Amino acid sequence: MGLGGCITLIAVGAILTFATDWDMQGVNLDLVGVIFMVVGLIGVATFSSIARRRRVVMPPSTPVVEERPHHHPTQDGYHNGYGA
């Protein structure tokens with residue numbers, strides 16, 4: 001059962017518990033709705049813990065290369081770093 005099935009169980013349980021006033025002999029629909037909601041919550045918790053374990057962090061596929069500016073110190077009379 002996936003995440004969608006768990007959410008559906010929670011929704012059906014809430015509808016049975018809070019939105020209906022049917023009376024069936026031998027069946028307590030309020031209790032059935034609460035059971036559906038609890039099972040749905042357990043399913044969501046289980047699904048999220050399994051999904052958290054499946055996530056794998058992959059290293060970047062291309063290496064990161066830092067480019068540093070090249071400084072060529074020229075100390076002759078024409079290019080002393082103060083112009084071209």
Side-chain angles (χ1 to χ4, degrees):
M1 177 174 16
L3 185 61
C6 296
I7 293 173
T8 302
L9 272 178
I10 294 171
V12 169
I15 290 170
L16 287 176
T17 302
F18 303 116
T20 60
D21 58 355
W22 300 330
D23 291 325
M24 294 177 66
Q25 188 174 359
V27 178
N28 186 353
L29 288 180
D30 290 339
L31 181 62
V32 171
V34 169
I35 291 171
F36 279 0
M37 287 190 287
V38 169
V39 169
L41 288 173
I42 291 171
V44 167
T46 304
F47 181 81
S48 64
S49 69
I50 290 172
R52 188 177 320 129
R53 277 190 252 148
R54 280 191 199 165
R55 269 187 243 148
V56 177
V57 177
M58 298 296 290
S61 60
T62 58
V64 177
V65 178
E66 274 188 44
E67 292 187 23
R68 296 182 184 160
H70 298 287
H71 295 290
H72 298 288
T74 56
Q75 296 298 326
D76 58 359
Y78 299 106
H79 301 94
N80 60 2
Y82 294 106

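Because the structure is predicted, anything quoted here is derived from the model rather than measured. For the numbers below, each heavy atom of this structure counts, side chains included, while hydrogens, waters and symmetry mates do not. When a residue number appears, it is its place in the shown sequence, counting from 1.
For Leu31, the side-chain contact (heavy atoms from CB on, under 4.5 Å) partners at least two apart in sequence or on another chain are Asn28, Ile35. Among residues two or more places apart in sequence or in another chain, the side-chain contact (heavy atoms from CB on, under 4.5 Å) test is passed with Ile7 by Leu3. Among residues two or more places apart in sequence or in another chain, the side-chain contact (heavy atoms from CB on, under 4.5 Å) test is passed with Thr20 by Ile15, Trp22. The side-chain contact (heavy atoms from CB on, under 4.5 Å) check on Ala14 picks up Phe18, Met37, with sequence neighbours excluded.
Of the residues Ile10, Leu16, Leu9, the one that meets the side-chain contact (heavy atoms from CB on, under 4.5 Å) test with Val12 is Leu16.
Summarising the geometry, atom CZ belonging to Phe36 is positioned 11.5 Å from atom OG1 belonging to Thr8; distances are rounded to the nearest 0.5 Å.
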